[in-house]
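Note that this is a predicted model, so its numbers are computed, not measured.
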Amino acid sequence: ILYFAVGGLLGSFSGCANTLLAWLHAGRNLGPWVNLVNACFGLGSGGVPLLFVAAERRLGDGLRVFPALGLAAAGVALSAACLPSPPRPKDAKGGGGGGGGGRGRT
């Protein structure tokens, strides 16, 4: 059940991040920004196990990393909560408001 909840939350976060990027970069080149957001998931999934191993070798207990990661995540979440939401993009040529990079059908 825990893996299902974590997977659902990560999928929701990814979808929200991609939607916000599409709004922010409406009509411009969106691809590199979406790739950057999705690359961060890969860096986290590869980097955190390495961090646990390093902490286990240095400190003798890899579980000491959990509070530090929790504080870092809380700091990022609180700073992100203080940011204003980007404005919703205007409908371009009656396209429905998706903002999908300006390559819609006419």
Task: Side-chain donor or acceptor of Ser14 paired with backbone N/O of Leu10 under 3.5 Å - done: no

TODO: List in chain and number order the residues that pass side-chain contact (heavy atoms from CB on, under 4.5 Å) with Val76, two or more places apart in sequence or in another chain; answer none if no residue qualifies.
DONE: none

Open item on the list: Apply the hydrophobic cluster definition, ILVMFWY joined by side-chain contacts under 4.5 Å directly or through others, and give me every member besides Phe4.
Closed with: none

For residues 64-72, run the donor-acceptor check on the side chains, cut-off 3.5 Å, and write out each pair with its distance to 0.1 Å, sequence neighbours left out.
none

Side-chain donor-acceptor pairs under 3.5 Å in residues 38-52, sequence neighbours left out?
from	atom 1	to	atom 2	distance (Å)
Asn38	ND2	Val34	O	3.3
Ser45	OG	Phe41	O	3.3
Ser45	OG	Gly42	O	3.0

Task: Spatial distance of atom CG (Asn35) from atom CG (Leu30) [nearest 0.5 Å] - done: 9.0 Å

Side chains of residues 55-62: which donor-acceptor pairs under 3.5 Å do they make with residues two or more places apart or in other chains?
from	atom 1	to	atom 2	distance (Å)
Asp61	OD1	Leu63	N	3.3

